Amino acid sequence: MKNKTNINVYNEKESFKNSIIDNFYISYYKDKKENINRIDNHQHTYYEIIFIENGKGIHTIDFKNYEFSGPCLFLLHPKNVHRIYKEAPTSGGVIKFNDNFFVNEDVNSKFLLKYRVFDDIDVQPVINLSLEDGAEILEFIELIRNQANSEKCFSANIVMNLLKSFLLKIYQIKKNSCLIGDISDHRFLRFKQFQEL
């Protein structure tokens with residue numbers, strides 16, 4: 001769908017079509033030679049994590065260019081406008097979810113996941129990974145994907161807890177590689193309350 005500024009906005013109904021679990025989508029991908037680039041600026045109504053295992057290019061986020069070379073992660077929140085240009089086919093994983101996926105989580109977990117993992121105030125929305133961190137991220141994605149594709153009982157609950165652990169792992173990597181402010185700082189909390197309004 002298009003909004004007034006001609007930026008495509010993709011919602012869960014369009015993007016989570018083949019998902020077994022409500023409010024959640026995961027896939028592993030390997031680009032083919034043709035149609036590897038999204039040339040339109042677009043937004044989502046959900047959070048998205050893009051893991052680039054192999055490949056390189058330029059990801060434009062909020063009209064700023066970020067060069068990338070795998071392994072790396074992109075953390076996109078619903079407010080981000082983005083498009084991606086790949087120099088050649090890439091491979092990796094994509095995880096999409098919305099706030100409703102964590103509807104039963106405690107307040108502290110929601111705050112950490114919503115504001116610290118996807119926060120673009122302290123750090124850039126791209127995280128370059130060491131080979132070791134990249135391998136660990138891939139293991140998480142494979143574990144979550146296998147569980148998400150299972151129709152066994154409690155799969156959705158297991159996926160939610162695996163995703164929470166995955167996001168905490170991402171935050172750990174961010175904290176080790178970037179200077180991140182204190183989450184308990186009252187000025188940060190006040191700013192976030194203002195931003196939420």
Side-chain angles (χ1 to χ4, degrees), residues 1-12 14-15 25-27 29 31 35-99 111-131 133-134 137-138 141 166-183 185 187-197:
M1 108 183 34
K2 293 230 183 199
N3 68 14
K4 293 178 185 171
T5 57
N6 292 327
I7 294 173
N8 289 323
V9 179
Y10 296 102
N11 61 35
E12 291 85 339
E14 298 163 312
S15 300
Y25 174 85
I26 186 169
S27 72
Y29 75 91
D31 288 329
N35 300 323
I36 62 172
N37 290 307
R38 298 280 304 260
I39 57 170
D40 64 319
N41 284 316
H42 64 280
Q43 284 179 290
H44 312 123
T45 57
Y46 48 83
Y47 296 91
E48 182 174 34
I49 299 168
I50 302 171
F51 170 57
I52 307 286
E53 183 181 13
N54 295 301
K56 62 182 182 173
I58 298 172
H59 197 160
T60 304
I61 302 173
D62 295 334
F63 308 101
K64 184 175 178 184
N65 291 337
Y66 297 92
E67 289 187 22
F68 69 85
S69 179
C72 64
L73 282 171
F74 288 101
L75 307 172
L76 302 168
H77 58 68
K79 293 176 274 185
N80 289 132
V81 175
H82 73 115
R83 69 178 179 182
I84 192 163
Y85 170 78
K86 302 171 187 175
E87 291 182 12
T90 66
S91 63
V94 177
I95 295 177
K96 306 172 186 182
F97 62 94
N98 61 26
D99 283 330
F111 186 83
L112 176 67
L113 301 177
K114 189 170 183 181
Y115 293 127
R116 300 307 290 171
V117 175
F118 291 90
D119 186 21
D120 58 358
I121 300 300
D122 295 33
V123 294
Q124 296 181 357
V126 58
I127 302 172
N128 293 307
L129 301 171
S130 67
L131 291 177
D133 286 339
I137 292 294
L138 182 59
I141 289 172
F166 180 59
L167 293 173
L168 290 169
K169 180 63 185 176
I170 291 171
Y171 183 65
Q172 182 185 59
I173 292 169
K174 275 178 75 168
K175 201 148 175 58
N176 287 337
S177 63
C178 308
L179 181 61
I180 295 177
D182 182 9
I183 191 169
D185 186 322
R187 292 170 298 177
F188 175 80
L189 298 175
R190 178 78 63 197
F191 174 75
K192 283 305 180 184
Q193 289 168 344
F194 173 75
Q195 190 178 43
E196 190 74 3
L197 291 172

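Residue numbers count from 1 along this sequence. Keep in mind that this is a model prediction, so the values were computed, not measured.
Shortest non-hydrogen contact noted between Ser15 and Tyr10 is OG-CB, 3.8 Å. Closest approach of Gly134 to Pro71, counting heavy atoms only: CA-CB, 4.1 Å. Shown here for Ile141 and Gly93, the closest heavy-atom pair between the two residues is CD1-CA, 4.3 Å.
Residues Leu75 and Pro125 fail the side-chain proximity criterion, which asks for heavy atoms closer than 4.5 Å. Asn65 has its side chain out of reach of Tyr85: every pair of non-hydrogen atoms, C-beta onward, lies at least 4.5 Å apart. Residues Thr60 and Ile58 form a side-chain contact, since some pair of their non-hydrogen atoms from C-beta on lies under 4.5 Å apart. With contacts defined as side-chain heavy-atom distances shorter than 4.5 Å, the pair Leu167/Tyr47 does not qualify. The shortest distance between side-chain heavy atoms of Ile170 and Ile137 falls below 4.5 Å. For the pair Thr90/Tyr29, a side-chain contact is recorded, criterion being any heavy-atom separation below 4.5 Å from C-beta on. Taking the side chain as every heavy atom from C-beta outward, Asp133 and Leu73 never approach each other to under 4.5 Å.
Interatomic distance, Glu67 CD to His59 NE2, rounded to the nearest 0.5 Å: 13.5 Å. We find the CD1-NE2 distance between Ile61 and His82 to be 7.5 Å, quoted to the nearest 0.5 Å. Atoms CG and NE2, from Leu76 and His42 in turn, are 8.0 Å apart once rounded to the nearest 0.5 Å. Taken to the nearest 0.5 Å, the CG atom of Asn54 stands 4.0 Å off from the OG atom of Ser91.
Without hydrogens or angle criteria, Asn80 side chain to His77 main chain gives a donor-acceptor distance under 3.5 Å.
Under the side-chain hydrogen bond (donor to acceptor under 3.5 Å, both in side chains) criterion, Glu48 pairs with His44, sequence neighbours left out. Evaluation of the ring-ring contact (aromatic ring centres under 6.0 Å, His included) rule for Phe166 yields Phe140 as partners, not counting sequence neighbours. Listed by chain and number, the residues in a side-chain hydrogen bond (donor to acceptor under 3.5 Å, both in side chains) with Asn98 are Glu12, Asn23 (sequence neighbours excluded). In this structure Ser69 satisfies the side-chain hydrogen bond (donor to acceptor under 3.5 Å, both in side chains) test with no other residue, sequence neighbours excluded. Residues satisfying the ring-ring contact (aromatic ring centres under 6.0 Å, His included) criterion with Phe68, sequence neighbours excluded, are Phe74.
Lys169 and Gln172 share a side-chain donor-acceptor pair at under 3.5 Å.
Note on residues 87-97: pairs passing salt bridge (Lys or Arg N to Asp or Glu O under 4.0 Å), not counting sequence neighbours, are Lys56-Glu87.
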